[in-house]
K.L.:
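This structure is in structure tokens; I'll ask about it shortly.
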Amino acid sequence: MNKKVIEWAKDRGLLDNPDIKAQTLKVMEEAGELCNSILTGETPAQIDAIGDIQVTLIILAEQLGLDYEKCLETAYNEIKERKGKMSNGTFIKH
């Protein structure tokens with residue numbers, strides 16, 4: 001799926017002289033839409049927003065010359081052994 005997103009972005013010129021700040025703002029815009037959909041309890045909007053966040057992050061990674069899957073793997077490797085506990089609905093790491 002990442003390759004399809006990258007091809008979509010290429011076809012629309014999002015990777016030609018990319019505006020990293022604009023793409024970062026797009027990520028945040030989509031995150032805001034997710035927050036709104038959670039507050040309103042709209043499941044279809046939540047699904048759409050989570051997908052949109054992924055798309056914007058894949059494009060941002062490509063614009064930065066990074067491999068999105070490698071970024072995800074790096075983050076997972078950092079958390080996979082993490083210990084902690086839940087407190088008031090939030091995971092608190094040790």
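Start at 1 with the first residue, then count along the sequence.
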K.L.:
With side chains defined as the heavy atoms from C-beta onward, is the minimum distance between Glu7 and Lys4 less than 4.5 Å?
P.N.:
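No; the side chains remain at least 4.5 Å from each other.
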K.L.:
If I take atom OG1 from residue Thr24 and atom CG from residue Leu60, how far apart are they, to the nearest 0.5 angstrom?
P.N.:
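Result: 4.5 Å between the selected atoms.
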K.L.:
Any side-chain to backbone donor/acceptor pair from Glu30 onto Asp52? Under 3.5 Å, distance only.
P.N.:
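No: the side chain of Glu30 does not pair with the backbone of Asp52.
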K.L.:
Using the rule that Ile, Leu, Val, Met, Phe, Trp and Tyr join whenever any side-chain heavy atoms are under 4.5 Å apart, tell me whether Met1 and Val27 fall into a single cluster.
P.N.:
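In one cluster: no.
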K.L.:
Are Leu57 and Tyr76 connected in a single hydrophobic cluster, I mean Ile/Leu/Val/Met/Phe/Trp/Tyr linked by side-chain heavy atoms less than 4.5 Å apart?
P.N.:
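Different clusters.
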K.L.:
If you look at every heavy atom in Leu66 and Cys71, which pair is closest and at what distance?
P.N.:
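Shortest heavy-atom contact: CB-SG, 4.0 Å.
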K.L.:
Taking the side chain as every heavy atom from C-beta outward, state whether Trp8 and Leu14 have any pair of such atoms under 4.5 Å apart.
P.N.:
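Heavy-atom side-chain distance check passes, below 4.5 Å.
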K.L.:
Under a 4.5 Å cut-off applied to non-hydrogen side-chain atoms, are Lys85 and His94 in contact?
P.N.:
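In short, these two side chains touch, coming nearer than 4.5 Å.
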K.L.:
Could you tell me which non-hydrogen atom of Thr56 sits nearest to which non-hydrogen atom of Lys26, and how far apart they are?
P.N.:
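In this case the closest contact between Thr56 and Lys26 is CG2-CG, 3.7 Å.
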K.L.:
Can you name the side-chain contact (heavy atoms from CB on, under 4.5 Å) partners of Asn77, sequence neighbours left out?
P.N.:
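If we apply the side-chain contact (heavy atoms from CB on, under 4.5 Å) test to Asn77, skipping adjacent residues, the hits are Glu73, Lys80.
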K.L.:
Can you tell me how far apart CD1 (Ile58) and CG (Asp67) are? Round to the nearest 0.5 Å.
P.N.:
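Rounded to the nearest 0.5 Å, the CD1-CG separation comes to 10.5 Å.
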K.L.:
Within a reach of under 6.0 Å around CE of Met86, are more than 12 heavy atoms found that belong to other residues, nucleotides or ligands?
P.N.:
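Yes, because the 6.0 Å sphere around CE of Met86 holds more than 12 heavy atoms from other groups.
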K.L.:
Do Ile6 and Leu15 make a side-chain contact, defined as non-hydrogen atoms from C-beta onward lying under 4.5 Å apart?
P.N.:
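Sidechains of Leu15 and Ile6: in contact.
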K.L.:
Under the side-chain contact (heavy atoms from CB on, under 4.5 Å) test against Ile59, which residue among Arg12, Lys10, Gln23 passes?
P.N.:
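Exactly one option meets the side-chain contact (heavy atoms from CB on, under 4.5 Å) with Ile59, and it is Gln23.
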K.L.:
Are there more than 12 heavy atoms of other residues, nucleotides or ligands under 6.0 Å from atom CZ of Phe91?
P.N.:
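Yes, because the 6.0 Å sphere around CZ of Phe91 holds more than 12 heavy atoms from other groups.
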K.L.:
With hydrophobic residues grouped by side-chain heavy-atom distances under 4.5 Å, do Leu39 and Ile53 end up in a single group?
P.N.:
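No, no single cluster joins them.
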K.L.:
Kindly compute the distance separating SG (Cys35) from CE (Met28), expressed to the nearest 0.5 Å.
P.N.:
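One gets 8.5 Å once the value is rounded to the nearest 0.5 Å.
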K.L.:
Looking at Glu33 and Ala49, what are the two nearest heavy atoms and their distance?
P.N.:
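Nearest pair, atom of Glu33 first, then Ala49: C-CB, 4.1 Å.
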K.L.:
Work out which heavy atom in Gln63 is nearest to a heavy atom in Asp19; give both atom names and the distance.
P.N.:
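Smallest interatomic distance, heavy atoms only, reads OE1-O, 4.2 Å.
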